[in-house]
Amino acid sequence: MNGLNPQQQAAVTHLGSPLLVLAGAGSGKTRVITQKIAWMIRKGVHSADQIAAITFTNKAAREMRERATQLLTKEEAKGLTVSTFHTLGLNIIKREAKRLGYKKNFSILDAQDSEAILKELAHKEDVEEADNLRWIISRWKNDFISVEQAALLANTTDEKLAAILYEKYQRQIKAYNAVDFDDLIVLPVQLFEQHPDALQHWQNKLRYLLVDEYQDTNACQYRLIRLLAGIRGALTAVGDDDQSIYAWRGARPENIAQLQQDYPLLKVVKLEQNYRSTSRILQSANKLIGNNPHLFKKNLWSTLGEGDPIRIMPCRTPEHEVEKVVSEILKARFRDRADFKDFAILYRGNHQSRLFEKALRENNIAYKISGGTSFFSRAEVKDILAYLRLIANPDDDAAFLRIINTPKREIGTSTLEKLGEYAFERKTSMLTAAQELGFAQRVSAKATQRIETFCFWLHEITRAAENTDPTSIVKQVINDVSYEDWLKNTCNTPKQAESRMKNVWEIVEWIRKLHDDGAGKETLGEIIAHMSLVDMLERNSEEKEQDAVALMTLHAAKGLEFPSVFLVGVEEELLPHANSVDEHSIQEERRLAYVGITRAQKNLTISYAKTRSRYGEASTVEPSRFLEELPPEHLEWEDKKAAITPEQRQETARAYVANLQALLGD
DNA sequence: CAATAAGGTATTTTT
DNA sequence: TACCTTATTG
């Protein structure tokens, strides 16, 4: 309890009724959650194995676990659950797979897998545009709307089509003995609503729940929490409605209000002291967000001093903007001995990173960019995992289709189409169908031969997998299919092939680690399930704490903080985004700006360009309306007349680089 | 089946 | 403008 402010203490020690902690940006919410866990265990209220903390990201879960266990002895912390919604869901499903109609070796489909399946189904229905429909279906699943309900409530033509595809999609992946990410939440809710004994088992096990980033829960996740917390309402929800930026993905910030309705005894604690930013930054953030409607009024304050005003940098062009930012960073680096890792460049859309990357590279400034393609969505990684998935779950047609002709086995589309038809008629998986005589009669002898060879190999390795450790199996797969040769043949450059192969070996290394660590990840199936839910990029980037400027979208910046922040491209059509100017969306855009501002500890610089080429065509753009919503007394506009020319800036930058190189030379 | 050309399309993406 | 996806052709 040392060093907690009165509100934090109240949040930690409140028991007996559900608690909602409205935690403003930088107000120490992780601290409250971890302290509360420790406090409950120490006081003997609950033992560690009766407590579950639930987060959205693996990173948050890892951090929370680390910080909570630091407060406790190893013995005290034993059995504590800290997991993401999806991992918790997976564990619930695993235990009851049979009752839900799945075999215990079910696969987890990632977003790309389900997209491909849906596309294929849409194609069969002669539907062109599958993208819209995918959104509709995902929204239904997030709202816990079943296939049957969707069919009833579908109104528009799109919705009616989506309802048909929804039904087919669910049937399809069920046949694959697979679940998608959304199912990891939907299925536990279904289970609990239909089988009170299953619910009771979990209620019995998890006596107290702490939920992080509560404003980001979707309807289904909230339902899951409400079921688990039961009438006891043994629950602490921590969230901030002002940082709700995922409504477009199904998040329901109104779940905060819902909590009050569902639990009349709900206690609300507000954390308003901010430990991150100087007060001019906070006052500006407060003023901006004050333009949004609020259920609970919040006013962040800090004792970190008034601080510097927020700098506003108008720029002629995006190139000009990039140059200014880069030269500011260099200046700070050499004049104030700042580290590169003290800086973050935040933007609305990923495409905005390009110019910055180029300039940073040219100036020899280390940078790291978060977002982009994750490790597990790389083709080579997905290929290897698909092999493993198929070994663990022969019904996984998605995996089968991915690797049947990768590397090339001369099994073409027409053969596969026939196989698909045949499997559909026989109501079996493609792998099973491929081995049936009836199928052999429909295709050429050559094709049969090729498929047979593959099936035989797969059969052998599947049998070997039963009593061989997973690491050896992966190695054997890579070896047997000559994956390295295939990479060398298909990649444009040998360098590319090498780097891809490096990724492949990283998977092997990962599997080895997971297997050695044990912790319930013994079998191939368990290891793949785990790998489907975590991303290796996180772990890698954390390991090397490099001194690099951070580049990321505003969404990716949530939860982070930096001494100096550049909020760039603060223009109409960009922030707020052109597609998000209706009354509801504009509020989320404002929250996005709010999140950006509140990342800054000491220095905040906001920039915008006056012209920006959009889709190849140059056009004049207006500064963001949000600039007018900031308190003028805390802003310092860069004097346009005094501003040095781009040429002068470049010269400065060059001088700094020379300086840097000289320093490195010593 | 692979290479090439043309076309169409451009928020955000925790799992 | 620059990307990625699809269609076409040999």
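Per chain, numbering begins at 1; letters A, B, ... match sequence-line order.
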Nearest-angstrom distance from the residue atom [atom1] of [X] to [atom2] of [N]:
X	N	atom1	atom2	result
A:His351	B:dT13	NE2	P	12 Å
A:Met552	B:dT12	CE	P	15 Å
A:Asn58	B:dT15	CG	P	5 Å
A:Trp486	B:dC1	CH2	C1'	14 Å
A:Ile245	B:dT13	CD1	C1'	10 Å
A:Lys558	B:dT12	NZ	P	17 Å

### Task
Report the residues that fulfil ring pair (Phe, Tyr, Trp, His ring centres under 6.0 Å) with A:Phe566, sequence neighbours left out, ordered by chain and then residue number.
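With sequence neighbours excluded, A:Phe566 shows a ring pair (Phe, Tyr, Trp, His ring centres under 6.0 Å) to no residue whatsoever.
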For A:His577, the ring pair (Phe, Tyr, Trp, His ring centres under 6.0 Å) test, sequence neighbours excluded, returns none
Using the six-membered base ring of B:dT12, report whether A:His555 stacks on it, requiring centroids under 5.5 Å and planes under 30° apart.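 Here the ring of A:His555 and the base of B:dT12 are not stacked, as the 5.5 Å and 30° limits are not both satisfied.
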key: Under 5.5 Å and under 30°: A:Tyr615 stacked on C:dT1   =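 One would not call A:Tyr615 stacked on the C:dT1 base.
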- Message: I'd like to know if the side chain of A:Asn393 and the backbone of A:Asn177 have a donor-acceptor N/O pair within less than 3.5 Å.
- Response: yes
Would one find a side-chain N or O of [X] under 4.0 angstrom from OP1 or OP2 of [N]?
X	N	value
A:Asn350	B:dT11	no
A:Tyr214	B:dT14	no
A:Asn579	B:dT12	no

Winner on side-chain proximity to A:Arg354, out of B:dT11, B:dA2, C:dA2, is C:dA2
Ranking B:dT14, B:dT12, B:dT11 by distance to the side chain of A:Thr553, first place goes to B:dT12
Looking at A:Lys104, I want to see if its NZ is surrounded by more than 12 non-hydrogen atoms of other residues, nucleotides or ligands under 6.0 Å. no
**Request:** Could you measure between the two P atoms, the one in B:dT12 and the one in C:dT5, and give it in whole Å?
**Result:**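 Result for the P pair: 15 Å, nearest Å.
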*How far does the P atom of B:dT13 sit from the matching atom of C:dA2, given to the nearest Å?*
22 Å
Would you mind classifying the nucleic acid contact of [X] as base, sugar-phosphate or nothing, using non-hydrogen atoms under 4.0 angstrom?
X	result
A:Gln221	nothing
A:Ser580	base
A:Leu90	nothing
A:Glu588	nothing

TODO: Could you pull out the closest heavy-atom pair between A:Gly525 and A:Ala392, with the gap in Å?
DONE: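 So the two residues come closest at CA-CB, 4.1 Å.
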Of all heavy-atom pairs linking A:Arg134 and A:Leu118, the shortest is CG-CD2, 3.4 Å
message: Strictly by Watson-Crick or wobble contacts shorter than 3.5 Å, is anything paired with B:dA2, and which nucleotide is it?
response: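 In the structure as shown, B:dA2 has C:dT9 as its Watson-Crick or wobble partner.
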Under a 3.5 Å cut-off for both contacts, is B:dT12 paired Watson-Crick or G-U wobble with anything, and if yes, with which nucleotide?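 Pair assignment: B:dT12 / none.
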Syn or anti for B:dT4, with syn set at within 90° of 0?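 Here the answer is anti: the torsion falls beyond 90° from 0.
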With sugar-phosphate taken as primed atoms, P, OP1 and OP2 and all else as base, the protein-contact string of nucleotides 5-10 of chain C at under 4.0 Å (heavy atoms; B, S, -) is -S----
Answer with yes or no whether the side chains of A:Thr406 and A:Asp383 bring together a donor and an acceptor at under 3.5 Å. no
**OP:** Tell me whether the centres of the aromatic rings in A:Phe85 and A:Phe56 are closer together than 6.0 Å.
**Re:** yes
